[in-house]
Amino acid sequence: MGKIYVIRHCLAQGQSLDAPLTQKGIEQADSLAEFFKDLKIDRIVSSPFLRAIQSIEPLSSRKSMTIEMDERLSERLLSTGDFPDWYEKLQATFVDMDLKYDGGESSNEAMHRIVDLVKDAFEQDVDHTLIVSHGNIISLLLKYYDKDVDFHCWKNLSNPDVFLLSPKHNEVMIEQIWGAQYSEG
């Protein structure tokens, strides 16, 4: 089993599927490419959302690597409706992991989707996989491996963040190796 780098996308102009990176997000993506330039990467897998793809394009170009798209890395859909109190609704889904709003996914459903991808990646015959996704789904992935991860942890994620998942003694160890504070210059 190899190592997996989990990246939360860089700063974007919105939450829609086609929301591009801001100018600062573009600069952050370049900083990420610089950070990873000397690290071995065998495979890049991204959410199909534009902000995730744009976050990793500078690195994929630098390393002449193809970006694989995987729907399992898409951001979690809380609901198909608009909630003026979406923040409180989201917080409730961290308490009741099976809570599901109209047209959306429960925390457990979203968690299992991304965990399945990570388990598949660990089973591949590659040493270093890099995945690019979104804050809510990444926080659920981290919660799967560390039960102490909660809504407060999601709230404290930044754009971008990078976590290293590495197997050790039949467990997966999590280490944050990059955060927005590293990309400020």
Side-chain angles (χ1 to χ4, degrees), residues 4-22 24-26 28-29 32 43-57 60 66-122 129-163 165 172 174 176 178-180:
I4 299 175
Y5 297 95
V6 178
I7 300 176
R8 182 184 188 195
H9 65 81
C10 300
L11 197 59
Q13 294 181 20
Q15 297 298 314
S16 68
L17 290 115
D18 59 351
L21 295 182
T22 63
K24 181 174 177 121
I26 292 167
Q28 291 171 333
L32 276 174
R43 182 177 179 219
I44 299 173
V45 187
S46 177
S47 157
F49 288 28
L50 181 60
R51 61 189 178 270
I53 297 164
Q54 287 182 332
S55 294
I56 206 59
E57 280 179 332
S60 71
T66 302
I67 302 171
E68 301 172 39
M69 303 299 163
D70 196 310
E71 292 285 337
R72 294 176 290 179
L73 292 173
S74 297
E75 181 59 293
R76 171 192 180 193
L77 179 62
L78 186 61
S79 173
T80 52
D82 281 335
F83 292 128
D85 60 343
W86 69 268
Y87 189 81
E88 289 79 16
K89 300 271 194 220
L90 179 62
Q91 187 172 7
T93 67
F94 276 82
V95 175
D96 180 353
M97 297 286 289
D98 291 315
L99 179 59
K100 187 173 176 174
Y101 300 109
D102 288 340
E105 288 180 285
S106 71
S107 291
N108 274 329
E109 289 170 334
M111 176 191 288
H112 291 299
R113 173 166 52 90
I114 193 168
V115 167
D116 285 346
L117 178 131
V118 167
K119 287 180 178 179
D120 288 349
F122 274 134
T129 299
L130 190 148
I131 65 174
V132 187
S133 193
H134 308 271
N136 190 281
I137 192 102
I138 288 173
S139 65
L140 293 170
L141 171 67
L142 299 176
K143 183 173 185 61
Y144 179 82
Y145 292 111
D146 179 354
K147 301 301 181 215
D148 291 334
V149 171
D150 58 10
F151 180 76
H152 181 74
C153 296
W154 166 82
K155 196 168 68 170
N156 288 323
L157 288 177
S158 59
N159 298 89
D161 274 326
V162 180
F163 297 90
L165 277 55
V172 173
I174 301 169
Q176 184 174 8
W178 175 279

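- Heavy-atom minimum distance, Lys89 versus Tyr101: O-OH, 3.1 Å.
- The line from CG of Asp96 to CD of Gln91 is 13.0 Å long, rounded to the nearest 0.5 Å.
- Side-chain atoms of Ser158 and Asp161 include a donor-acceptor pair closer than 3.5 Å.
- Counting only N and O atoms by type, the side chains of Asn156 and His152 include a donor and acceptor under 3.5 Å apart.
- Two residues are said to be in side-chain contact when any heavy atoms from C-beta on lie closer than 4.5 Å; Leu142 and Cys153 fail this criterion.
- Interatomic distance, CZ of Phe122 versus CG of Leu165, reported as 5.0 Å (0.5 Å rounding).
- Taking the ring centre of Tyr144 as origin, the terminal cationic atom of Lys147 falls inside the region bounded by 6.0 Å and 45° from the ring axis.
- The heavy-atom pair separating Glu57 from Ser60 by the smallest distance is O-OG, 3.0 Å.
- Taking all atoms of both residues into account, the shortest heavy-atom contact from Lys24 to Leu11 is CD-CD2, 4.0 Å.
- Within 6.0 Å of CD in Glu71 there are 12 or fewer heavy atoms belonging to other residues, nucleotides or ligands.
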Run the numbers on Phe49 and His134 for ring pair (Phe, Tyr, Trp, His ring centres under 6.0 Å), then give the verdict.
CA-CA 9 Å; Phe49 288 28; His134 308 271; 4.7 Å; yes
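- Put simply, CD on Glu105 and CD1 on Ile137 are 6.0 Å apart, with the number rounded to the nearest 0.5 Å.
- Distance check: Ile67 CD1 to Ser46 OG gives 6.0 Å after rounding to the nearest 0.5 Å.
- Summarising the geometry of Ile53 relative to Ser47, their closest heavy-atom pair is CG1-O, 3.6 Å, with the distance given to 0.1 Å.
- Nearest heavy atoms, Asp102 versus Ser79: O-OG, 2.9 Å.
- Between Asp70 atom CG and Ile131 atom CD1 the span is 9.0 Å, to the nearest 0.5 Å.
- Judged by distance alone, with hydrogens and angles left aside, the side-chain atoms of Gln176 form no donor-acceptor pair with the main-chain N or O of Phe163 at under 3.5 Å.
- Here the straight-line distance linking atom CG of Leu99 with atom CG of Leu90 works out to 10.0 Å at 0.5 Å rounding.
- Taking the six-membered ring for Trp and thresholds of 30 and 60 degrees, Trp154 and Tyr87 have ring planes inclined between 30 and 60 degrees apart.
- Side-chain contact, Arg72 with Ser133: no donor N or O sits under 3.5 Å from an acceptor N or O.
- In terms of heavy-atom proximity, Ala12 sits nearest to Arg51 at CB-CD, 3.5 Å.
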Intermediate values then yes/no, side chain to side chain contact (heavy atoms under 4.5 Å, CB included), Leu73 and Ile114
CA-CA 6 Å; Leu73 292 173; Ile114 193 168; 3.9 Å; yes
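- With Gln28 contributing its side chain and Asn159 its backbone, the two residues share a donor-acceptor pair below 3.5 Å.
- With hydrogens and angles ignored, the 3.5 Å screen pairs no side-chain donor or acceptor of Thr93 with any backbone N or O of Ser107.
- Within the 4.5 Å cutoff, the side chain of Leu141 has heavy atoms near those of the Val115 side chain.
- For Arg43, the salt bridge (charged side-chain N to carboxylate O under 4.0 Å, His left out) partners are Glu68, not counting sequence neighbours.
- Atom CG of Asp85 has more than 12 heavy atoms from other residues, nucleotides or ligands within 6.0 Å.
- Judged by distance alone, with hydrogens and angles left aside, the side-chain atoms of Ser55 form a donor-acceptor pair with the main-chain N or O of Cys10 at under 3.5 Å.
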With side chain to side chain contact (heavy atoms under 4.5 Å, CB included) as the test, would you mind laying out the steps for Leu140 and Arg113 before giving the verdict?
CA-CA 10 Å; Leu140 293 170; Arg113 173 166 52 90; over 6 Å; no
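- Residues Ile26 and Gln54 form no side-chain contact, since every pair of their non-hydrogen atoms from C-beta on lies 4.5 Å or further apart.
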